[in-house]
There are 2 protein chains.
Amino acid sequence: MNGFEDGISRWRRVADEIRSEIVSGTFSSQLPTEAVLAARFGVNRHTVRRALAALGAEGLLRSERGRGTFINPLQPRITYPIGSRARFSENMMRQSLEPSGRLIGAERTAATPAQAIALGLAAGAPLLRLEHLAVAGGMALSRSTSYFSAMRFPDIIGAYAETGSITRALAQSGVEDYRRLETRITAERIATPDADLLQCPADAIVLVSEAIDVDAEGRPIQWIRTRFLADRLELVFSNEAGAATRVRD
Amino acid sequence: MNGFEDGISRWRRVADEIRSEIVSGTFSSQLPTEAVLAARFGVNRHTVRRALAALGAEGLLRSERGRGTFINPLQPRITYPIGSRARFSENMMRQSLEPSGRLIGAERTAATPAQAIALGLAAGAPLLRLEHLAVAGGMALSRSTSYFSAMRFPDIIGAYAETGSITRALAQSGVEDYRRLETRITAERIATPDADLLQCPADAIVLVSEAIDVDAEGRPIQWIRTRFLADRLELVFSNEAGAATRVRD
DNA sequence: ACCTATTTGTGCGTATGTATT
DNA sequence: CAATACATACGCACAAATAGG
């Protein structure tokens, strides 16, 4: 019996709650007994067992008969700096992760009024839309959709497909340097097609970043919307070089 | 019957999908008919109706017998700047929203090793933990947990309860100015107690911001973990004053 | 005024999944 | 493991409102 009527089963909510407590470090290395957890969440022990089974399948923990349930060592989130000069490849290599970008698709479109304003173009101007996937350390991290002026960057699709990097593709188009003007961040549930590409659960959560890059003269180059898998990385905005303190209870 | 084994009901997934298409502007002002949606998602019309009912309860749309289902005008997300000098009250007032902070609870604790490093204190140093709620324009926006040194800020709890503002509470403790050193952003499903306080659905998504504030001399003042309701605001990091372009198709 | 096609709203029966005892 | 109660999902049918001819 669910009772709450929000379409999420009880064992799934218990599993989500336990996972959140695990990643926030509430438990040591061993979980409380199933009976204790059942009492704490106000559910039957069967329901707790179902939740623990789901978390076990995720690789988060393992149960040992007669001993208890133990938390597996969890890999920390990748740190992804957002700032005026953030570069995907550099960021990943600094964390010893092999970066690569893969072109999913591309299309020629016309600028909507909002896109035209963002990119400093006339409404209806020809754009190139790139759908791409970012992978680091063998793990898919994000799905991006970016728009370029088709007039200024006619060869950007091929250049990206070849190099697997926006920075290098822009360099081939004569843009030696660029910086991020603005980043807007929100979060939502992942879209189904993205879940397939990112090889993640259908109910995963993504950090959505909408940003505008400009060249050295301040002219807009690309408008990009990236969906980062929230459980694989965290975005870091730092106001001082070298500041990288980490709190974990 | 669900078929999948992720503990999330079919109508809930359909509702999430439709909501995501609504906010991304896929539909005009009217949704496709229930029969069309049912075919598109491969579910029964009853299941679509259940999803639409949930979205209707959220205020996202309304159905009219014999005419169809129409999208309600959706209120835009509040803009929340993150930068070295961001202030909650100032940000909200700039958007004509009446800001206020409410103290939920407070407790005296001892610094964990990680907290001690972040706040520049000795491990086990006495801390004050404040649990607070931020409201703007009559709507709950975020839940925060912040830690202060109990030695340096013995009266911070009362000062916050009285003023409803961290900035003013710090001013009463002799901190005239402070800035944000670092902000780490990720996202997750809301925790159950927070959902009650923020008056939002149990399956809402929160942007989690972990940040450190320092005084004019660079000494750490507070470590704060804020959970923002992702569907009510977006975090904006801007590298140029006055840059506030917005793209929406 | 009438008919018809479309679309939402409602009812019932059945099968399966969920949660408790 | 079994029995029970409830929620979920489906399929079919029909009622009620709307819009157009």
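Naming: A, B, ... by sequence-line order, numbering from 1 per chain.
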Reckon [X] has a side-chain N or O less than 4.0 Å from the OP1 or OP2 of [N]?
| X | N | value |
| --- | --- | --- |
| A/Arg50 | C/dT18 | yes |
| B/Thr69 | C/dT8 | yes |
| B/Arg10 | D/dC10 | yes |

With no hydrogens and no angle check, just 3.5 Å: does a side-chain donor-acceptor pair link B/Arg232 and B/Ser142?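 No, because no side-chain N or O of B/Arg232 sits under 3.5 Å from a partner of the opposite role on B/Ser142.
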Less than 3.5 Å apart, any donor N or O on the side chain of A/Ser146 or A/Ser144 sitting next to an acceptor on the other? no
Residue pairs passing the salt bridge (Lys or Arg N to Asp or Glu O under 4.0 Å) test where at least one lies in residues 24-45 of chain B, sequence neighbours excluded: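 Every pair satisfying salt bridge (Lys or Arg N to Asp or Glu O under 4.0 Å) with a residue in residues 24-45 of chain B: B/Glu21-B/Arg40, B/Glu34-B/Arg45, B/Glu34-B/Arg49.
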Whole Å only: how far is the [atom1] atom of [X] from the [atom2] atom of [N]?
| X | N | atom1 | atom2 | answer |
| --- | --- | --- | --- | --- |
| B/Ile8 | D/dA7 | CD1 | C1' | 16 Å |
| B/Arg12 | D/dA7 | CZ | C1' | 15 Å |
| A/Asp6 | D/dA7 | CG | P | 13 Å |
| B/Gln30 | C/dT8 | CD | C1' | 11 Å |
| A/Arg13 | C/dT18 | CZ | C1' | 12 Å |

Tell me whether A/Arg19 is salt-bridged to A/Asp231, with the criterion being a basic N under 4.0 Å from an acidic carboxylate O.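 No.
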Is there a donor-acceptor pair closer than 3.5 Å between any side-chain N or O of [X] and the backbone N or O of [Y]?
| X | Y | result |
| --- | --- | --- |
| B/Ser29 | B/Ile71 | no |
| B/Thr186 | A/Ala230 | yes |
| B/Gln30 | B/Arg67 | yes |
| B/Arg143 | B/Ala195 | no |
| B/Arg225 | B/Trp223 | no |

Could you list, one pair per line, each protein nitrogen or oxygen that sits under 3.5 Å from a nitrogen or oxygen of nucleotides 2-5 of chain C, together with the distance?
none

Heavy-atom closest pair, residues B/Asp6 and A/Trp11: C-CH2, 3.7 Å
Of all of residues 59-67 of chain B, which get a heavy atom below 4.0 angstrom from DNA chain D, listed by number? B/Arg65, B/Gly66, B/Arg67
Around atom CD of A/Glu64, are there more than 12 heavy atoms of other residues, nucleotides or ligands at under 6.0 Å?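 Atom CD in A/Glu64 is crowded, with more than 12 foreign heavy atoms closer than 6.0 Å.
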Give, ordered by number, those residues of residues 34-46 of chain A having at least one heavy-atom distance below 4.0 Å to an atom of DNA chain C; if nothing qualifies, reply none. A/Val43, A/Asn44, A/His46
Between the two ends of the helix from C/dC2-D/dG21 to C/dT21-D/dA2, what is the bend in degrees, rounded to 10 degrees, where each end axis spans five pairs? 20°
Could you tell me if the side chain of B/Leu119 sits less than 4.5 Å from the side chain of B/Leu127, heavy atoms only? yes
Show me, pair by pair, the donor-acceptor contacts under 3.5 angstrom made by side chains of residues 101-108 of chain A, not counting sequence neighbours?
{"from": "A/Glu107", "atom 1": "OE1", "to": "A/Arg129", "atom 2": "NH1", "distance (Å)": "3.1"}
{"from": "A/Glu107", "atom 1": "OE1", "to": "A/Arg129", "atom 2": "NH2", "distance (Å)": "3.1"}

